[in-house]
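Heads up, the thing below is written out as structure tokens.
Proteins come first, then strands; the chains are lettered A, B, ... in the order of their sequence lines, and each starts at number 1.
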Amino acid sequence: MKEIKLSINNQKIVVPAGTTILEAAKEVGVHIPTLCYHPDQAIKANCRVCVVEVKGSRKLSAACSTPVWEGMEVITTSKKVLDSQKGVVELLIASHNQDCLNCQRNGTCELQNLAERFNIGKTNLDIDILTLPIDDGNPSIVRDPSKCIKCNRCVETCSKTQGVDVLTHAHRSDQYIISTPYNLPLGSTLCTFCGQCSAVCPVGAIVEKDNTEQVFEAIENQKKHVICQVAPAIRTALGDAFGLDDGAIVTGQMVNALKQLGFDKVFDTNFTADLTIIEEGNELIDRITNGGTLPMITSCSPGWINYVEGKYDHLLDHLSTCKSPQQMFGALSKSYYAEKMGIDPKDICTVSIMPCTAKKFEAQRDEMNTNGVRDVDVVLTTRELAKMIKMTGIDFEVLQEKEFDSPFGIGTGAAVIFGATGGVMEAALRTVYEVVVGEPMPSIDFEPARGLQGIKEADVDLNGTVVKVAVAHGLSNAKIVMDMIDKGECPYAFIEIMACPGGCVGGGGQPINTTMATKSKRIESTYKIDKEKLQYRKSHENPAINKLYEEYLEKPLGHKSHELLHTHYHPRDKKIGNIKLK
Amino acid sequence: MGSVTETKFEVLNDELASKIDKILSENAYDSTKLVGILLDVQDVVPKKYVPMDVAAYVAAKLNIPLTGVYDVITFYASLSEKPRADHVINLCKSIVCKTNNYMDLQKSLEKFLGIKVGEATEDGKFALEYSACFGACDVAPAIKIDQDVYGKLTDEKLIEIINSYR
């Protein structure tokens, strides 16, 4: 590739052609302020906070969108540059709800950081904040337009990355806003509640619904037996919120923190991820041998379920009937566990720690109850757990490692990789192959399912029958696969789909500042846990699962399983007048 | 549903749908002609606006997201997301109409209609809005009522024209 020589603040640097000023500056240790820029998104260049001086140019240039050229001389430290950057921040603050002390993003807000950087306290400009109602009418996401800086990161995510098309820019000039069509509440649109918008929002305009208070209250209530389950993708992400290295494995510290917070038992969702594999694997074998609907598609990701129920409601038969691991855990906690412990299910409060905002929605679905008792009572995102840990002054970094409690504390490597895109596929194949062929897969590491490519495909030879499988992550990739099925052109028998890019490690509830680079580190750590840290690597080898079937469930796809572990889907009937939203 | 109130504008019926179908088919269901399509559609909707269900219908028929249609409707001043009136009177205030004293015309209009620019008459018959140039500079100052252009107006002529819409 052609190389370009330039100077930034008189420091000489050589970078490949096509590099932007912003990227080149990072190379020499100069951090130009940004707001609308996001490393995983297309360049928008609408906020103008990254303007810098380029010698010979009459006006300032946006560093995020200007590629470098041979002999370019960039100055980022002049008064002219600083005054302009500061001016942009001041203008944004003048139209931004400055209730920082009450904001969920207090301390992680990019605008607040810039205000601090430029020493902006109060602005002399006229304050002009759009007063539109706060949308908090759904279980997952809260949108407050008064805090929006119109950077369009959420719009980019919603339309390009996810292809959900719920958020858009609307109106113009000083009336310009980020909105849903006709300012509908998110709950009335086909929003999947994947929360990717909340993960990329630089400020507090889109945040997860905060349920931490509910959990503190439940723990305080002496009558309640409060238990928690932790999803596979938390243990490689939670450390980020405490400044640890990207992808740091913090399983033991996390369990310790949860125990200190006062949960009566700390369990692992990995246990029910293994259970999912047993049920889903058997469902797949049953569908293949008995002519059931194929391809069968995984059903662990609630954002994906919301998407397919909204946009492809004629293809719901393709979804595995298995509940997600979260919901399987919930159902068992209010049945098997309650019986075993001799506690009235009504007195058990089951809390999930999830990387996901859509899990909050899933837990509140009507059908997700066991004999009228809610399977999962409260869902917290990784961000909310981090907040509780910070609030209680627990020094996460120095925590001793603790073990999960039994009986739901044992999980296999197959379960932990649920957190990465391709993980459910790989976990299922480890079991399905062995059940059908009668011997282990040639290599337990199923490489074709791994990595960040949008859609991954592979052939698996099951006793002479070649089964084609595929993995898709990010809903715009899911769309490609679904359109293939719709047209009758889908060659696959089994498909894993995750709503979020990268899978659950990149979930909408993960710590702020999660980028594709961070996700890749978390995925690396996920496979490391599978390979190095766990005794068992196949779901059917989990002794606790086998005991559960012996003691309670009897057999996979049996009567009890159907009652507790399987579900059904229904079209999301979102209409405007007589027109069904698509 | 939370604190955001849901606005329901359900105006689409079979008759209106077939009118919209005709407009769409005249434009070969080409989504790049969205602005023109929406202007024509708005003209056949009572109260001259693009309600939510009509926008959703157009989006579905053109196979584009509703977000995109909404963005266009709110971007252009001549498209409205809210009900206006049976007839919309557009008063041009671009440069040629300005030099030909559109202000006098505005005063007459406001007097006859009993409303200010930006308002609608109480009976819902007329809405009065400013407009950018619509190319009638030869007869400036000009007005446009719905799709019809009128210029070189005297007070008598103006009353006559407006009454013809009643």
message: Between Leu66(B) and Leu581(A), is there a side-chain heavy-atom distance shorter than 4.5 Å?
response: yes
field: CG/Asn63(B): more than 12 non-hydrogen atoms of other groups inside 6.0 Å
entry: no
message: Quick one, Thr74(B) and His169(A) - any side-chain contact, counting heavy atoms below 4.5 Å?
response: no
message: Let's test your reading of the structure: which of Val72(B), Ile73(B), Asp71(B) forms the most heavy-atom pairs below 4.5 Å with chain A?
response: Asp71(B)
Heavy-atom neighbours of Asp138(B) CG exceed 12 at 6.0 Å: yes
field: Proximal component of Ser173(A), with respect to chain B [non-hydrogen, under 4.5 Å]
entry: neither
query: Is it true that atom CD of Gln147(B) has more than 12 heavy atoms of other residues, nucleotides or ligands lying nearer than 6.0 Å?
result: yes
message: Give me the atom names and distance for the closest heavy-atom approach of Arg172(A) to Tyr76(B).
response: NH2-CA, 4.2 Å
task: Name the option with the most non-hydrogen atom pairs under 4.5 Å to chain B; the candidates are Leu132(A), Thr189(A), Val155(A), Ile579(A).
output: Ile579(A)
field: Lys575(A) vs Asp53(B), side chain to side chain contact (heavy atoms under 4.5 Å, CB included): CA-CA, chis, key distance, verdict
entry: CA-CA 9 Å; Lys575(A) 281 183 176 175; Asp53(B) 59 350; over 6 Å; no
query: Counting only heavy atoms not in Lys152(B), do more than 12 fall under 6.0 Å of its NZ?
result: no
message: Once you measure the plane-to-plane angle for Tyr70(B) and His171(A), does it fall in the parallel (<30°), tilted (30-60°) or perpendicular (>60°) bin?
response: perpendicular
task: Answer yes or no: are there more than 12 heavy-atom neighbours, outside Lys479(A) itself, under 6.0 Å from its atom NZ?
output: no
message: Counting neighbours of NZ on Lys574(A) that are heavy atoms of other residues, nucleotides or ligands and sit closer than 6.0 Å, is the number greater than 12?
response: yes
